[in-house]
Amino acid sequence: MPELPEVEFAARQLRRWMVGRRVERAVAEPSRVLRGRAPREIARALQGRRLEAVRRRGKYLLLDFDGGAGALLHLGMTGKLVRREVGEAEAYSRARFELDDRRAIHLRDPRKFGRLAVGPMARLERMKEVAALGPDANDPSLDARALAARLGRTCRPLKIALMDQRVLAGLGNIHAAEALFRAQLSPKRRSDRLSSAQLGRLAAAIGETIGFAFDSMPQAEADIEYVEEPGAENPFLVYGKAGERCPRCREPLRSFAQGGRTTFWCPRCQR
DNA sequence: ACCGCTGTTCTCCG
DNA sequence: TCGGAGAACAGCGG
């Protein structure tokens, strides 16, 4: 499920549900989500702590508890946060925080691609995956110059570089393809050979892509669970639309494999 | 029944 | 050291 917009949605939900609350019990099942750490380490690190803040860095969630304690959460491909009553079962729950309001926040992750780590926040922030993250794709100061500094570091194809979290944090397969379509740039182009006009277009396109995704998402004020209805229409411009006509030039859209993922694009108007 | 997949990380290879 | 391919993780939906 999650790229940057969905993770931002999860961050907002978590703030509403959990900031200011005390964790009465933290429970985790042994699973690869814990990366070999013992469930009781989760319990020991978080039990009795009050959540002070929730931050998002790219697709990571950083939970700041009192006393400098922290939790680092990545939703992987199928992870999601849900709120239940304490005692209510949740399928595929890999960890849960039982709060002082009789609610339990579960990390539900059927495929176990997600990740939960706990410990002093200072240590979590020094972990390589977090420390090496590029600037947030949603950062309003991301302009042509900033993008040039990031993309100039590699000669890989644009689409691959945009999905590299060390280059830019937050874009995944869908939004990288969507941003390139909006910028009219080929996913195959070398990252380090863009003109400043093209970089400007790309910076704007990334902002539009993320903004559009935010806008088409339910706002986190209500206690709704974010689930796409089955049969809902594909909301994207090119993702998942191979064979359909380009919304800009009517050329049939195409797809091809790139870095083990499927890239969707318009071969006519993306150059 | 089979294939693909909104993510990350690892290994193997050039 | 870089980069590409493929595998692994594991369940669901088309």
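Naming: A, B, ... by sequence-line order, numbering from 1 per chain. These numbers were taken from a predicted model, which means no experiment stands behind them.
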| Taking protein heavy atoms under 4.0 Å as touching, what does nucleotides 9-14 of chain B look like 5' to 3' if B marks base contact, S marks sugar-phosphate-only contact and - marks none? | S-----
| note | Closest heavy-atom pair, A:Pro110 versus A:Thr78, reported as atoms and distance to 0.1 Å, is CD-O, 3.5 Å
| task | List the atom of A:Leu46, the atom of A:Ala26, and the distance in Å for their closest heavy-atom pair. | result | CB-CB, 4.1 Å
Which whole-number value in Å describes the distance from [X] [atom1] to [N] [atom2]?
X        : N     : atom1 : atom2 : answer
A:Met77  : C:dC9 : CE    : C1'   : 10 Å
A:Leu116 : B:dT8 : CG    : P     : 16 Å
A:Leu75  : B:dT8 : CG    : P     : 10 Å
A:Arg261 : C:dG4 : CZ    : P     : 15 Å
A:Gln258 : B:dG7 : CD    : P     : 14 Å
A:Phe256 : C:dA5 : CZ    : P     : 11 Å

| task | Report the secondary structure of DNA chain B in dot-bracket form, marking unpaired bases with a dot and bases paired to a different strand with |, and treating Watson-Crick or G-U pairs with both distances under 3.5 Å as paired. | result | .||||.||||||||
| task | Taking atom P in both B:dA1 and C:dC9, compute the distance separating them and give it to the nearest angstrom. | result | 22 Å
| task | Quote, to the nearest angstrom, the P distance that separates C:dG6 from B:dC3. | result | 16 Å
| query | For A:Leu62, which fellow cluster members are found when Ile, Leu, Val, Met, Phe, Trp and Tyr are connected by side-chain heavy-atom distances below 4.5 angstrom, either directly or through intermediates? | reply | A:Tyr60, A:Leu72, A:Met121, A:Leu124, A:Met127, A:Val130, A:Leu133
| said: Let's go through A:Asp100 and A:Arg21 carefully: what are the C-alpha distance in whole Å and the side-chain angles of both, what is the deciding distance for salt bridge (Lys or Arg N to Asp or Glu O under 4.0 Å) to 0.1 Å, and is it a yes or a no? | reply: CA-CA 6 Å; A:Asp100 55 6; A:Arg21 295 275 168 208; 3.4 Å; yes
| task | Indicate whether any N or O donor in one side chain lies under 3.5 Å from an N or O acceptor in the other, for A:Lys159 and A:Thr263. | result | yes
| message | Testing the 3.5 Å rule here: is there a donor-acceptor pair between the side chains of A:His106 and A:Glu90? | response | no
Are [X] and [Y] close enough that some pair of their side-chain heavy atoms sits under 4.5 Å apart?
X        : Y       : result
A:Leu4   : A:Arg56 : yes
A:Leu75  : A:Lys59 : no
A:Arg103 : A:Glu85 : yes
A:Met18  : A:Phe97 : yes

| Nucleic acid contacts of residues 152-180 of chain A, taken as heavy-atom distances under 4.0 Å to DNA chain C | A:Thr154, A:Cys155, A:Arg156, A:Pro157
| message | Please confirm whether the shortest side-chain N or O distance from A:Thr262 to OP1 or OP2 of B:dC5 is below 4.0 Å. | response | yes
| Is A:His74 near enough to B:dT8 that one of its side-chain N or O atoms lies under 4.0 angstrom from OP1 or OP2? | yes
| query | If only atom types and distance count, is the side chain of A:Asp64 paired as donor or acceptor with the main-chain N or O of A:Gly68 below 3.5 Å? | reply | no
| query | Are the side chain of A:Arg50 and the backbone N or O of A:Gly20 linked by a donor-acceptor pair below 3.5 Å? | reply | yes
| task | Name all residues meeting the salt bridge (charged side-chain N to carboxylate O under 4.0 Å, His left out) criterion together with A:Arg25; count only those two or more places apart in sequence or in a different chain, and write none if there are none. | result | A:Glu98
Table of protein N/O atoms under 3.5 Å from nucleotides 11-13 of chain C N/O atoms:
from: C:dG11; atom 1: O3'; to: A:Tyr92; atom 2: OH; distance (Å): 2.9
from: C:dG11; atom 1: N2; to: A:Arg111; atom 2: NH1; distance (Å): 3.2
from: C:dC12; atom 1: OP1; to: A:Tyr92; atom 2: OH; distance (Å): 2.8

| said: Rounded at 0.5 Å granularity, tell me how far NE2 in A:His175 sits from CG in A:Asn138. | reply: 11.0 Å
